[in-house]
Protein chains: 2
Amino acid sequence: MSVAIENFVKTIYKNDTNDSNDTKPGNIAKKLGISNAAATDMAKKLASRNLLQYEKYQALQLTDEGTKMALNVIRKHRLWEALLFKLFDMSLHEIHREAELLEHETSNFLADRISEYLGNPKFDPHGDPIPNANGEITTIDTSIALSNTQEGKTYIISRLMSDDKEFFDFCALNGLKYGNSIIVTKQFNKNKMTQITINNNNIILNEDFTNIIYVNETNY
Amino acid sequence: MSVAIENFVKTIYKNDTNDSNDTKPGNIAKKLGISNAAATDMAKKLASRNLLQYEKYQALQLTDEGTKMALNVIRKHRLWEALLFKLFDMSLHEIHREAELLEHETSNFLADRISEYLGNPKFDPHGDPIPNANGEITTIDTSIALSNTQEGKTYIISRLMSDDKEFFDFCALNGLKYGNSIIVTKQFNKNKMTQITINNNNIILNEDFTNIIYVNETNY
DNA sequence: AATTAAATTTAAGTAAGCTTAAATATTTTT
DNA sequence: AAAAATATTTAAGCTTACTTAAATTTAATT
Ligand SMILES: [Mn+2]
Ligand SMILES: [Mn+2]
Ligand SMILES: [Mn+2]
Ligand SMILES: [Mn+2]
């Protein structure tokens, strides 16, 4: 499959699982940086190849085959991120940038070698789950957005759902890293802002950030 | 630059440095598996971009810029081969197959990280020299083809110049590996066949093989 | 409910990288 | 040196993945 097709189904999949907006050609176009017309064309083509269902003016829906393809690409993306992070200690932004390209030129064989080498990890360095070789995500995600946490409790950072360099730079600067521990000290304005304590620093985050930082409760 | 262009200049470079046939569009077409017409078109386009010199019916000649691009792609190819070989113990054929794709989707930044991680190696697992970040091959190659060796002498395998699975499988089976030691026990029929001893086995190789296996003399 | 705004689709066109077939030039053989 | 064989180039056309502009449909506003 071509790079264009792989990125297209992947973007649909991620829009469906992570975002609230509907999965119409226009929204996919925006994310891919192409015109609406191009996205509509592509949607029709992929429908004829049984990768998705397309009905005029309706949201796009991946078929099982399309979902499988998306998960296969996502698997490769996240395995690359895990490998580059481990070997070269590159930043979250850098590993994402490289993985975005490498994911399309990686055989299933090589993906399996990478996975094996890393001990078949279930999560990438962002905390995103890595689909297995059958295109299944077996892990149950119990994490919640920071905006939904409770004052006074301690949490472990489980996911940083972003592709944005600025965000990652901010995270790196403040110790906001997959696996690190934080205390939620205050929720402001109906959870539109959240104060946390990490490494003895107090940080106030607005909803742009608290909606994409996911955490798990701890027992302490 | 596109994959097509990178493979094109790389193929010209390799034809110039490794092969005896002239570097006309037809020969490049054959190696790339495209039509002569396509190769001629591409040659004209690359000439207009100052990557090579094109004159009707003449051999193609890379400009400095074209050569630099070729060496940059070759650097990435060989770094990938070295990394995959080291990490995953893949065969020479497998690492080549993957590198052929990955080489086009690798930033200079990532190439430098790979090189660094490997200790800036000067050779890949085939024994081919790895250009440095400036696109220079600093290593002086003193190796000779097995067909040009002398009876009774001991040599170290320095290069296996092939992309062929069958050849690599044969090599792997018989211990013909970069760095291994062999004794040339006999040269037959004006060096069209060569008998060597390796791991106490005698093997007779014909010129298909002795022309692509390179070795260095030892002092013993 | 009608009007306006926004999103989606259709239509027409482009560039890259190929193809095959025909025309032309070069190389080899006689 | 001519003829035949081979290689190269030109010409015409195809597919993929895009573009912009116009037409149409849907959604939002009054
Ligand atoms: Mn990523
Ligand atoms: Mn991608
Ligand atoms: Mn190789
Ligand atoms: Mn290649």
Side-chain angles (χ1 to χ4, degrees), chain A residues 1-16 19-62 65-66 69-70 73 100-101 103-105, chain B residues 1-16 19-62 65-66 69-70 73 100-101 103-105:
Chain A
M1 285 304 128
S2 72
V3 173
I5 292 176
E6 289 187 348
N7 280 333
F8 201 87
V9 295
K10 190 181 80 163
T11 304
I12 293 172
Y13 180 89
K14 291 184 77 174
N15 196 258
D16 273 337
D19 288 318
S20 54
N21 57 14
D22 50 21
T23 307
K24 288 183 181 171
N27 280 320
I28 304 306
K30 212 170 289 165
K31 298 204 180 185
L32 289 171
I34 61 177
S35 69
N36 283 10
T40 301
D41 276 1
M42 183 61 96
K44 283 182 189 170
K45 187 167 75 181
L46 298 195
S48 80
R49 293 201 201 182
N50 269 307
L51 291 169
L52 54 80
Q53 286 175 260
Y54 171 72
E55 277 192 272
K56 270 192 188 183
Y57 304 105
Q58 303 303 309
L60 306 175
Q61 282 200 287
L62 290 178
E65 203 185 330
M69 181 184 288
V73 177
E100 200 57 53
L101 302 176
E103 62 186 2
H104 308 291
E105 305 302 336
Chain B
M1 284 304 127
S2 71
V3 173
I5 293 176
E6 288 187 348
N7 280 333
F8 200 88
V9 296
K10 191 181 81 164
T11 305
I12 293 172
Y13 180 89
K14 290 183 78 173
N15 196 258
D16 273 339
D19 288 318
S20 54
N21 57 13
D22 50 21
T23 307
K24 288 183 182 172
N27 280 321
I28 304 305
K30 211 170 290 165
K31 297 205 180 184
L32 288 171
I34 60 177
S35 69
N36 283 10
T40 301
D41 276 1
M42 183 61 97
K44 283 183 187 171
K45 187 167 74 179
L46 298 194
S48 80
R49 293 201 199 181
N50 268 308
L51 291 169
L52 54 78
Q53 285 175 260
Y54 171 71
E55 277 193 272
K56 270 190 186 182
Y57 304 106
Q58 303 303 309
L60 305 175
Q61 281 200 287
L62 290 178
E65 203 185 331
M69 180 184 290
V73 178
E100 199 58 53
L101 302 176
E103 63 186 1
H104 308 292
E105 305 301 336

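The chains referred to below are lettered A, B, ... by the order of the sequence lines, with proteins before strands, and numbering in each begins at 1.
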Heavy atoms under 4.0 Å, any strand shown: does Phe8(A) hit a base, just sugar-phosphate, or nothing? nothing
List the steps, then state whether side-chain contact (heavy atoms from CB on, under 4.5 Å) holds for Phe8(A) with Leu52(A). CA-CA 11 Å; Phe8(A) 201 87; Leu52(A) 54 80; 4.2 Å; yes
Could you tell me how far apart Glu55(A) (CD) and dT24(D) (P) are, to the nearest whole angstrom? 21 Å
Whole Å only: how far is the CG atom of Leu46(B) from the P atom of dA16(C)? 11 Å
Evaluation steps, side-chain contact (heavy atoms from CB on, under 4.5 Å), between Leu62(A) and Met69(A): CA-CA 10 Å; Leu62(A) 290 178; Met69(A) 181 184 288; over 6 Å; no
Length of the line joining Lys30(B):NZ and dA7(D):C1', which is rounded to integer Å: 9 Å
Under 6.0 Å from the CD atom of Gln61(A), do we count more than 12 heavy atoms belonging to anything else shown? no
Lys56(B) NZ to dT10(D) C1', in whole Å, measures 8 Å
Count the heavy atoms belonging to other residues, nucleotides or ligands that lie under 6.0 Å from CD of Glu100(A), then report whether that count exceeds 12. yes
Quick one: which protein N/O atoms are closer than 3.5 Å to N/O atoms of nucleotides 17-19 of chain D? Pair and distance per line, please.
| from | atom 1 | to | atom 2 | distance (Å) |
| --- | --- | --- | --- | --- |
| dA17(D) | OP1 | Ser2(A) | OG | 2.4 |
| dA17(D) | OP2 | Lys45(A) | NZ | 2.1 |
| dT19(D) | OP2 | Ser35(A) | N | 2.7 |
| dT19(D) | OP2 | Ser35(A) | OG | 2.8 |

Please figure out whether Tyr54(B) or Tyr57(A) has its closest DNA chain D nucleotide nearer the 5' end. Tyr54(B)
CG of Leu60(A) versus C1' of dA7(C): gap in Å, rounded? 13 Å
